[in-house]
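Worksheet: one structure, shown below.
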Amino acid sequence: MDDPVRRMEFSRRALLLGAGMATTGAVLAGRMAWLAVFEGERYQLKAQENRVQDRLIPPRRGWIVDRGGKPIALNRPDYRLELRPAEVENLDAALIAIRGVIDLDVGEELRIRDDCASQPSFMPVVVRQNLTWPEFTACNVRLATLPGVTPVQSFSRFYPEGERFAHLIGYVGAPTPEQYREDRNPLLIYPGFRIGKDGIERHEDKRLRGVAGSSRVEVTARGELVRELGTEADRPGDTLRLTINRDLQNYAARRLGDNSASVIVMDCITGDVLCMVSMPAYDPNIFSRRVPAKLWNALQTDDHTPLLNKSAMGLYPPGSTFKMVSTLAALEAGIDPGETVGCSGAYRLGNNVWHCHARRGHGGVNMHRALPLSCDIYFYTMGRRVGIDAIAAMARRLGLGQEYPLPLPGQASGIVPDKAWKQRRYKQAWREGETLNAAIGQGYIITNPLQLAVMTARLASGREVMPRLIADGKAPEFPSLGIPESHLAIVRQGMIDVVNAGFGTARAARSPIADLMFAGKTGTAQVRRISAAERKRGVIRNEALPWKQRDHALFVAFAPADAPRYACSVILEHGIAGGKYAAPIARDVLSFLFEPERALAVLPPIEAEAARARAAREASEAAASIATETRQMMPSWLKLDIQPPQFEIEDPDAPQPPREPE
C-alpha cells in the first residue's frame, strides 16, 4: 500500500463506497422517519386491525303480534356451528374434525366448500343450523381449540301457527346477491341473516329488521380469541301489531277443512281485517330454511295452488254476490222496487236464450224478492234497462276493481268492465248480451275475496270503508258512500231475507245463536263452457264433473243483521253451490265471534272428514307415483296415451245455461 497510485485508487473506492452507504442510510432513515412521523397512524391502525376484530351482531327481528298481543311471528334460540375461512389454516382438516363431532353428509360438505369459495373470507360460513343442545355442547367442548370454528347461539324466525298465517305473514329467507349489490349492507351476507320474502314480512322488512350491533375482540396472529374488548348491543326490530284476531284466523282455517278456499272477516266500522285465510298453504318455517326440492315441486304442481294467496291474488267471477250492485244501480236509475218481472225460467234476447237457475221460473218477482230468490231473469231485465256503465260505476263505488293500501305484495285488482274498457281492451263495441251476464256477476267481471268483503262492509255500513291490517294509531272515520239510506235498506233487507226468510237461498247460514240474525247473499259462479248438445241432453251435475270443472261457491254476509259490525266473504274453489257449501262456513265463522264454544263444537266431524280425504288423496298420489314408475319401465309398444277431455271457458256474450240452485 506504499504505492501512491494504488493508495489513491483505494481512497476513491472507499469514498464512493462510503458515499453509497451514507446515501442508502439516509434514504432508509428518511423512509423510517416518513413511516414513523407521517404514516405512523395508518400502520398503527392496520396493526390494530390485525390484533382487534369487529364482529357483527345481527339484530333480532321484530315480533309480529295480533290485535291482542298474541304472537304470530317470533324468534326462538338457534344453536349453530360457524366456520370463518380467514382463520382456518386447513379446511380439509377442519371438516374432518367437525365430522368427528356432528354428522356431515356429502351435500353439506360441498355447500360449505362452495360458501367458503364464493363469499368474503372474513364472513363466517354456517356449518350446521338448528343444532340440538347435546350437539351444541359437544361442539363447545371438542372444537374449542379448533381455529376459525365457533359454536354460536343466535335466534331464528318461528311461526307458531304455521300454514294458517302463511299467505298473510309470508316468510323470511336469505338475501340474494343482487340485494347485497344494491344495498351494500354487510348484514346481507352475514350467515343466518334473513330478510322478508313474502307477505307482511316482505312489505314491512325494514321496520322489522332492526339495527346490527358489534363485538370488538382481541385475537392472536393465528386468529385465536384472546379477550373481548367491548360490545355494542344490537337494536331489535319494532314489534308489529296487526288487526288480525289470531283465534278467529285459526278457527277459520280449521273450519275450511280440506277445501281450496278463502275466508275474510272485516270490521264494518273500523275497516280492521280480523281474519284473512287462504287454504291450502305451506309451512313458512320450512321456507325460512332451504326448501327441499321434492316439497317445492309438490307445491308447484298441486292443483289446489297452495303457493297462491287466494284472498288477495285469487280472481273469481262474483256470481250472484254481485246482484246487490245491480240492485243499487237499478235504484239509482229510478226503477220502482215494487215493479214486477215475470220469470218463466228463460229470457230471450235476439236468437239466444238466457236461463234462470230455477228451471221452472219464479213467477212474478219484484226487487224485494229478487235478492232472496236470486232470480236471474229479474236482473237480466233490470240490468239491460240500466246499462253496463251504471252497473260498473256502482261496482267501483262499492270497492270492486281496486287495490287497497295494504302490506300485501301482488294484490289483484280484477276487472269491472264498461263500454270504454271493452273498446280499449278489444277494440270492439259493447253488446247487450254482455250486460245480461254482467248483471248477475258473470262474463268479464272478475273480483277477489278481499274486494267482496269490502263491498259487503260498505253495504252494511253505508260508508267508504277501507281495509287495514296494521293497527297503527286510531282507526280512521270513513266518509259516506253517497248512496241514499232508503236504497241501502232495501238491499240489506234483501240480504236478511236470503238467510232468514223461508224462500231464501241461504237458509243454511241462519244463526244458531238466539236473538242474533245474519244477513248474506249466495253466489255460484260457472267456470266451464256448456255446449248446446249438453244442454239438449241435460246439463251434467257438478258432483259428476272433475273437480276443476265444478262451479265456484261464494257467500258474503254481515252480522248482526240489525246493527252490522262484521262483514265476511267466503269463496270455495269449485265448491259447487254457495248456499249449500259456502254459507255454512260463513255462519260458523261469524258465530265464533259471538259464541266461540258453540262454533268450536262443529269442528271435530269436519276435521275428521278432512283427515280421511287427505289420507285418501295421499294414497292416490302414492299409487299414481308407483304407476308412473311402472309405466316408465314398460316397453314403448305397451304404452297407450289417452288424452283427457278439454273444456273451454264460456263466451261472455253467450247465454247463461241453467245452473245449480243456490
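The residues of the chain are indexed from 1 along the displayed sequence.
The two residues L481 and R458 come nearest to each other via the heavy atoms CD1-O, 3.6 Å. Across A553 and I576, no two heavy atoms sit closer than the pair CB-N, 4.2 Å. A453 and I264 get closest at one heavy-atom pair: CB-CG2, 3.7 Å. In plain terms, the two heavy atoms of C268 and Y566 that are nearest each other are SG-C, 3.6 Å.
A salt bridge is absent between D588 and R598: the closest approach of a Lys/Arg side-chain nitrogen to an acidic carboxylate oxygen does not fall below 4.0 angstrom. In this structure, D267 pairs ionically with R565, as a charged nitrogen and a carboxylate oxygen lie closer than 4.0 Å. Under 4.0 Å is where a charged nitrogen must lie from a carboxylate oxygen, and between K419 and E434 no such pair does. The pair R424-D418 does not meet the salt-bridge criterion, since no charged nitrogen lies less than 4.0 angstrom from a carboxylate oxygen. Salt bridge status for D247 with K70: present, with a side-chain N to carboxylate O gap under 4.0 Å.
To the nearest 0.5 angstrom, L242 atom CG is 10.5 Å from M276 atom CE. One finds the CD1 atom of I244 at 11.5 Å from the CD1 atom of I64 (value rounded to the nearest 0.5 Å). In this structure, L248 CG and R255 CZ are separated by 13.0 Å, a value rounded to the nearest 0.5 Å. The distance from atom CG of D497 to atom CG of L371, rounded to the nearest 0.5 Å, is 9.0 Å. Put simply, CZ on F558 and NZ on K521 are 13.0 Å apart, with the number rounded to the nearest 0.5 Å. To the nearest 0.5 Å, atom OG of residue S311 and atom CD1 of residue I571 are 8.5 Å apart.
Looking at T524, V263, V499, T456 one by one, the single match for side chain to side chain contact (heavy atoms under 4.5 Å, CB included) with F555 turns out to be V499.
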Using side-chain hydrogen bond (donor to acceptor under 3.5 Å, both in side chains), reason through N437 and W354 one step at a time and then give a plain yes or no.
CA-CA 9 Å; N437 288 341; W354 277 256; 2.9 Å; yes
Give the C-alpha distance, both sets of side-chain angles, the deciding distance and a yes or no for side-chain hydrogen bond (donor to acceptor under 3.5 Å, both in side chains) between S374 and S320.
CA-CA 7 Å; S374 199; S320 294; 3.2 Å; yes
Would you check, one step at a time, whether the test side-chain hydrogen bond (donor to acceptor under 3.5 Å, both in side chains) holds for N366 with E339?
CA-CA 5 Å; N366 60 20; E339 182 179 340; over 6 Å; no
Taking it one step at a time, do Q249 and N245 satisfy side-chain hydrogen bond (donor to acceptor under 3.5 Å, both in side chains)?
CA-CA 6 Å; Q249 180 95 356; N245 181 325; over 6 Å; no
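Side chains of V386 and S326 form no contact here, defined as non-hydrogen atoms less than 4.5 Å apart. Looking at M382 and T327, their side chains never come closer than 4.5 Å, going by heavy atoms from C-beta outward. Counting heavy atoms from C-beta outward, L256 and L572 have side chains that approach closer than 4.5 Å. The closest side-chain heavy-atom distance from H167 to M279 is not below 4.5 Å. Contact of the K310 side chain with the Y316 side chain is registered, since non-hydrogen atoms from C-beta on lie closer than 4.5 Å. Using a 4.5 Å heavy-atom cutoff, the side chains of E609 and I606 are not in contact. Residues V265 and L593 are in side-chain contact: their nearest non-hydrogen atoms beyond the backbone lie under 4.5 Å apart. A heavy-atom distance below 4.5 Å is found between the side chains of Y347 and R384.
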Donor-acceptor pairs under 3.5 angstrom involving side-chain atoms of residues 463-473: please list them, not counting sequence neighbours.
unit_1: R463; atom_1: NH1; unit_2: F478; atom_2: O; d: 2.9
unit_1: R468; atom_1: NE; unit_2: D272; atom_2: OD1; d: 2.5
unit_1: R468; atom_1: NH2; unit_2: D272; atom_2: OD1; d: 3.3
unit_1: D472; atom_1: OD1; unit_2: R207; atom_2: NH2; d: 3.2
unit_1: D472; atom_1: OD2; unit_2: R207; atom_2: NH1; d: 3.2

Ignoring hydrogens and angles, write down the donor-acceptor pairs under 3.5 Å from the side chains of residues 408-417, residues two or more places apart or on other chains.
unit_1: Q411; atom_1: OE1; unit_2: Y404; atom_2: N; d: 3.1
unit_1: Q411; atom_1: NE2; unit_2: Y404; atom_2: O; d: 2.6

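Because its NZ or CZ atom is not both nearer than 6.0 Å to the ring centre of F518 and within 45° of the ring axis, R587 does not count as a cation-pi partner of that residue.
The environment of E477 atom CD is sparse: at most 12 non-hydrogen atoms of other residues, nucleotides or ligands sit within 6.0 angstrom.
E161 and N250 share a donor-acceptor pair across their side chains, judged by distance under 3.5 Å alone.
Relative orientation of the H552 and H574 rings is tilted, given thresholds of 30° and 60° on the angle between their planes.
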